Amino acid sequence: MIDPKLLRASTAEVAANLARRGFDFDADAYLALEEKRKALQIETETLKSEKNASAKQIGQAKARGEDIEPLLAAVKSFGDRLDEAEAGLEEVLEALRDIELGLPNLVADDVPDGSSEHDNVEVRRWSEPAAFPFDPRDHVSLGADLGLLDFDAAARISGSRFAVMRGGLARLQRALVQFMLDVHTSEHGYQETYVPYLVQAAALTGTGQLPKFEADLFKTTDETPFYLIPTAEVPLTNLARDTIFDADQLPLRLTAHTPCFRSEAGSYGQDTRGMIRQHQFEKVELVHLVPASQSEAALEELTSHAETILQRLELPYRVVSLCAGDIGFGATKTYDLEVWLPGQNKYREISSCSNCGDFQARRMKARVRNPETGKPELIHTLNGSGVAAGRALIAVMENYQQEDGSIRVPDVLKPWMGDTEVIGG
RNA sequence: GGAGAGAUGGCUGAGUGGUCGAAAGCGCUCCCCUGCUAAGGGAGUAUACGUUAAUAGCGUAUCGAGGGUUCGAAUCCCUCUCUCUCCGCCA
């Protein structure tokens with residue numbers, strides 16, 4: 001959520017910032033509502049104040065043993081007026097809340113202009129795509145020939161956009177997860193965390209997936225439904241919900257390996273081949289909870305932590321700074337890591353690292369006590385994939401493939417692969 | 001799933017319809033006293049929102065959550081959530 005005070009005081013500036021995203025904010029409608037809110041709130045609170053004073057007088061009179069009948073009569077008329085004012089106020093507040101929850105975060109000043117992914121700016125590149133002495137194949141073809149990646153079986157069980165993996169390939173994904181968790185916990189100072197995969201709507205509202213992106217989520221049909229997490233960002237970041245941290249508890253670095261579930265509504269026709277875009281995939285997530293002053297530096301660090309994984313795996317990648325038009329709803333600035341996929345002959349997103357500023361913290365009331373003033377202040381939250389295991393698996397398959405269709409096991413994964421040095425072949 | 005008990009401020013814990021945002025103690029902050037330490041005395045010590053130039057005043061809300069009764073609810077009624085104990089079941 002954008003700071004309501006800022007929204008109120010600097011409506012035009014906020015609208016201009018949101019316009020960089022291509023978001024059309026109806027400032028006039030908002031301001032009209034806000035004016036109504038102000039009038040109604042003042043009226044309501046004044047009436048309540050009068051009512052409270054009257055009730056207090058009655059109590060005092062009664063304590064003195066006086067006749068309270070005349071006072072009672074005088075107070076009767078308050079009820080209806082107050083009910084009416086309160087109902088009106090509630091309606092306006094709800095409308096305002098809908099608007100506020102639907103507004104994306106402000107983008108940072110150093111976010112490049114642009115309207116789509118084509119305008120994203122490459123920040124740096126690591127390593128170079130290897131030259132293959134043969135025509136590199138994509139992971140679908142490799143996996144099928146190995147007999148270890150089976151979309152047909154998945155389709156019989158669950159439908160499209162699911163995968164079944166077997167043997168060395170399934171193990172390779174597990175190795176990737178283990179490797180990533182170990183690096184982040186032992187070298188980057190993250191606390192390994194186990195979290196629920198089913199969450200309440202409030203958690204998703206806290207991180208910003210709701211109310212706007214319900215269609216992208218899987219949801220149970222209970223009266224109070226559970227939602228399947230689309231990313232561990234949701235439970236990890238919500239660990240800060242409704243809490244006031246002591247200054248010395250921050251910064252907090254959390255990591256978790258979870259499956260992620262996405263209905264991918266609106267993605268039909270995109271990446272239908274293979275394992276790039278699935279309803280269910282594995283991911284190691286990184287989350288930082290930091291005091292406001294530290295979030296810019298934290299984004300650089302978090303991004304470098306994700307980069308470390310790709311470097312150790314010796315996978316060529318590039319870092320792009322997302323342009324204003326491509327940046328996610330809750331983020332104020334985002335770096336995407338794009339890994340080289342020889343089978344597709346292009347870079348594809350494998351991690352997205354975002355600074356959400358206080359946008360999520362405000363929604364979930366996550367605060368830290370300022371040691372100097374003693375007052376609670378909103379924290380800043382960051383998240384990033386460190387990295388997506390499914391896509392990392394694809395990247396390893398395609399970058400480590402050999403002419404006979406077998407796949408070499410990257411050196412750093414060997415501790416989890418037993419005697420297996422090559423899958424297939 | 002069944003039975004019972006409970007949920008109050010940073011913590012402990014009082015409060016069963018009326019100056020209760022809430023006693024008392026602990027903790028914390030400041031001041032005084034004081035060779036040091038210990039002890040002692042005094043004052044202060046929630047959050048959010050609104051109004052405002054203001055983290056000054058003033059107002060509103062908050063005693064697990066949501067509804068209700070009442071002029072007035074931490075206190076009465078209803079629904080829900082969570083925690084604890086016992087039983088059952090289970091990985």
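Numbered from 1 within each chain, the chains take letters A, B, ... in sequence-line order. In this text the structure is predicted, and so the values were computed from the model without any measurement.
In this entry the distance linking CD of A:Gln57 with P of B:U70 reads 21 Å, nearest Å. B:G10 atom C1' lies 14 Å from atom CZ of A:Arg367, rounded to whole Å. We find that CG of A:Asp248 is positioned 17 Å from P of B:G10, with the value rounded to whole Å. Counting to the nearest Å, the P atom of B:A61 and the CG atom of A:Leu89 are 13 Å from each other. Between A:Asp242 atom CG and B:U62 atom P there is a gap of 17 Å when expressed in whole angstrom units. Rounding to whole angstrom units, CD of residue A:Glu90 and P of B:A61 are separated by 15 Å. The interatomic distance linking A:Phe245 (CZ) with B:U47 (P) rounds to 17 Å, in whole Å. With rounding to whole Å, A:Glu34 atom CD is found 12 Å from B:C49 atom C1'.
For B:G50, its base never sits under 3.5 Å from the side chain of A:Gln41 at any donor and acceptor pair.
Close to B:G72, at under 4.0 Å from its OP1 or OP2, lies no side-chain N or O of A:Lys56. Between A:Arg369 and B:U47 there is a side-chain N or O to OP1 or OP2 distance below 4.0 Å. A sub-4.0 Å separation between OP1 or OP2 of B:U51 and a side-chain N or O of A:Arg37 is present. In terms of phosphate contacts, A:Asn52 brings no side-chain nitrogen or oxygen within less than 4.0 Å of OP1 or OP2 of B:G59. Dashed line: the shortest gap from a side-chain N or O of A:Lys375 to OP1 or OP2 of B:U47 is under 4.0 Å. Between A:Arg8 and B:U51 there is a side-chain polar atom (N or O) within less than 4.0 angstrom of OP1 or OP2.
Closest-nucleotide positions on RNA chain B for A:Leu72 and A:Ile244 were compared, and the one nearer the 5' end corresponds to A:Ile244. Both A:Ala55 and A:Ile42 sit near RNA chain B, but only A:Ala55 has its closest nucleotide nearer the 5' end.
With respect to the salt-bridge test (charged N to carboxylate O, under 4.0 angstrom), the residues A:Asp138 and A:Arg273 qualify. With salt bridges taken as basic N to acidic carboxylate O contacts below 4.0 Å, none links A:Arg8 and A:Asp3. Taking the charged nitrogens against the carboxylate oxygens, A:Arg369 and A:Glu377 have no contact shorter than 4.0 Å, which rules out a salt bridge.
Side-chain contact between A:Lys333 and A:Tyr335: present, with at least one pair of heavy atoms (C-beta onward) separated by less than 4.5 Å. The closest side-chain heavy-atom distance from A:Asp113 to A:Asp119 is not below 4.5 Å.
Between B:U37 and B:A43, the two C1' atoms lie 25 Å apart (nearest whole Å). B:C28 sits 12 Å from B:A38 when the P atoms are compared, rounded to a whole Å. On the P atoms, B:U8 is 10 Å away from B:A65, given to the nearest whole Å. Across the P atoms, B:G10 and B:G1 are found 33 Å apart, a figure rounded to whole Å. Taking the P atoms as reference points, B:U75 lies 13 Å from B:G21, given to the whole Å. Here, B:G27 and B:C82 have their C1' atoms 27 Å apart, quoted to the whole Å. Rounded to a whole angstrom, the distance from the P atom of B:G25 to that of B:C80 is 40 Å. The same atom, P, is picked in B:U62 and in B:A22; the two are 14 Å apart, to the nearest Å.
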Exercise for review: Under 3.5 Å for both distances, Watson-Crick or G-U wobble, that's the pair rule; now give the dot-bracket for RNA chain B, with | marking pairs to another strand and [ ] for crossing ones.
Suggested key: ((((((((.[[[..)..(.....]]]((((((.......))))))((((((.....)))))).[[[[[..)....]]]]])))))))....
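Nearest to the side-chain atoms of A:Ser49 among the listed nucleotides B:C71, B:C49, B:U60 stands B:U60. Closest to the side chain of A:Lys62, from the set B:G72, B:G18, B:G50, is B:G18. Side-chain atoms of A:Pro376 lie closest to B:A48 of the nucleotides B:A48, B:G72, B:C49. The nucleotide whose nearest atom lies closest to any side-chain atom of A:Ile58 is, among B:C49, B:C71, B:A61, B:C71. In this structure, of B:U47, B:C71, B:U51, it is B:U51 that holds the atom nearest to the side chain of A:Lys38. The side chain of A:Lys48 has B:U60 as its nearest neighbour among B:G72, B:U60, B:C49.
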Point to revise | Criterion side chain to side chain donor-acceptor pair (under 3.5 Å) on A:Asp216 and A:Ser263, from CA distance to verdict | key: CA-CA 5 Å; A:Asp216 297 339; A:Ser263 81; 4.9 Å; no
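The two residues A:His188 and A:Arg253 have their closest heavy-atom pair at O-NH1, 2.8 Å. A:Ala175 and A:Trp416 get closest at one heavy-atom pair: CB-CB, 3.6 Å.
Between A:Phe359 and A:His380, a ring centre-to-centre spacing not shorter than 6.0 Å is recorded.
Summarising the local packing, CD of A:Glu90 is surrounded by more than 12 heavy atoms from other residues, nucleotides or ligands at distances under 6.0 Å.
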